[in-house]
2 protein chains.
Amino acid sequence: MAGIVACAWELAREQGIAGVTLHGLARAVGIRQPSLYEYFDSKHALYDAMFADGNRQLIERLNAVKLSRDHRAALKQILAAFTAFALEDPARYELLFQRHLPGFTPSPESYALAAEVLNRIVALMRAAGVTAEGDIDCIVAITAGLIEAQLSNNPGGNRWVRHLNRLIDLLVDDAITRSKQ
Amino acid sequence: MAGIVACAWELAREQGIAGVTLHGLARAVGIRQPSLYEYFDSKHALYDAMFADGNRQLIERLNAVKLSRDHRAALKQILAAFTAFALEDPARYELLFQRHLPGFTPSPESYALAAEVLNRIVALMRAAGVTAEGDIDCIVAITAGLIEAQLSNNPGGNRWVRHLNRLIDLLVDDAITRSKQ
DNA sequence: GTCTATATTTGGATAGAC
DNA sequence: GTCTATCCAAATATAGAC
């Protein structure tokens, strides 16, 4: 089961998330396609298992970050870890954070994992002095914007994401200034 | 021909860009599916015609903006027009600016139209004092980040895009400060 | 230009034996 | 749990008549 999901990720890395088919997955696993229904009730159930697994991977990765005592530095660290996670596997990022799969919506249990990721990051923003919802939205959108520009124009490079820390500073400074008024 | 493309856009708005099929398009136009090959050599040729058409629509929209003499105000105007264009038709934005269609790459002629759009916007950034490539990249990525957050979390609203002007100011100020050093 | 008819491929899903 | 066999649906594309 875990092995099948791992195999599916491998296929996704090679052919994109939409390129994962039950026939292809079964071939890669070494069984016949109908046998997959022993593990997943449907294609969407497979996606959901991958969604949950990917989020668990991400949570583990974020857990592994040794956070600085300085709140702003900690925010930069966590966003850098998130960005690295996104860039190292575009197909995984696509399944977890983009909505390209027609009809797929994660189950509530899987979605809860995604929410935990966001909560974790937002908590660090708050600690760094970014408390207004609008400011939080901006940092989230900017991070995603840099990642998506990087992935679609220059996967493997850093032309866009290298500006992340600078933009965080700009935003955090501005957010703090505004919330003090 | 133009009518067929217009029909395809209508379908895209209803069902998403991936939901445009030759059968469905033929039905909407009032002909049989094989007859479409009289107008387009392939599905991708249809996409390419839509891509070119969408970019022409956007260029026309940008042309219609009465630009302020103040360069920064003009930049805000053009980015606001771009954003409004993006939000009013998510499927069109998807075809023009996201890479969700497996195997589709615009032809050089169509791509030239997209490049013209970008050049137009970059020219206004330069006029506003944003000249470094990195700063230009940041503004592009931030604009796209806000648009994509808006479209995927709250299409029809303005929770994210309402911060665009503020972020432009922040970036332009910072870019000018840096380039003066 | 438009049609009918059909080829071809791809993928998800089910039935039922072992 | 895994298999064979099959079904079904959707979609692109082509052949050839009118």
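These figures come from a predicted structure and were not determined experimentally. Chain naming here is simple, since letters A, B, ... match the order of the sequence lines and numbering starts at 1 in each.
Chain A approaches DNA chain C over the interval C/dG11 to C/dT14, counting the first and last nucleotide 5' to 3' with an atom under 4.0 Å from its heavy atoms.
One hydrophobic cluster, built from ILVMFWY side chains closer than 4.5 Å, holds both A/Met125 and B/Leu170.
Within residues 1-19 of chain B, no residue has a heavy atom under 4.0 Å from DNA chain D. Heavy-atom distances under 4.0 Å link DNA chain C to A/Gln33, A/Pro34, A/Tyr37, A/Ser42 of residues 31-42 of chain A, given in residue order. Within residues 45-53 of chain A, no residue has any heavy atom closer than 4.0 Å to DNA chain C.
Here A/Arg120 pairs with A/Glu116 in a salt bridge; the nearest charged N to carboxylate O distance falls below 4.0 Å. At a threshold of 4.0 Å, the pair A/Asp135-B/Arg166 counts as salt-bridged, since one of the basic side-chain nitrogens sits closer than that to a carboxylate oxygen.
Residues forming a side-chain hydrogen bond (donor to acceptor under 3.5 Å, both in side chains) with A/Glu88 (at least two apart in sequence, or on another chain): A/Arg61, A/Arg92.
Between B/Ser110 and B/Asn55, every side-chain heavy-atom pair lies at or beyond the 4.5 Å cut-off.
The aromatic rings of A/Tyr93 and A/Phe82 sit perpendicular, their planes meeting at an angle over 60°, well past the 30° parallel limit.
Among the candidates B/His163, B/Arg162, B/Arg159, the single residue satisfying the side chain to side chain donor-acceptor pair (under 3.5 Å) test with A/Asp137 is B/Arg159.
Atom OH of A/Tyr111 is surrounded by 12 or fewer heavy atoms from other residues, nucleotides or ligands within 6.0 Å. In the displayed structure, A/His100 atom NE2 is contacted under 6.0 Å by more than 12 heavy atoms of other residues, nucleotides or ligands. Around atom CZ of B/Phe97, more than 12 heavy atoms belonging to other residues, nucleotides or ligands sit under 6.0 Å away.
For the side chain to side chain donor-acceptor pair (under 3.5 Å) condition, no pair includes a residue of residues 30-42 of chain A, sequence neighbours left out.
Side-chain N/O atoms of B/Trp9 and B/Asp89 include no donor and acceptor closer than 3.5 Å.
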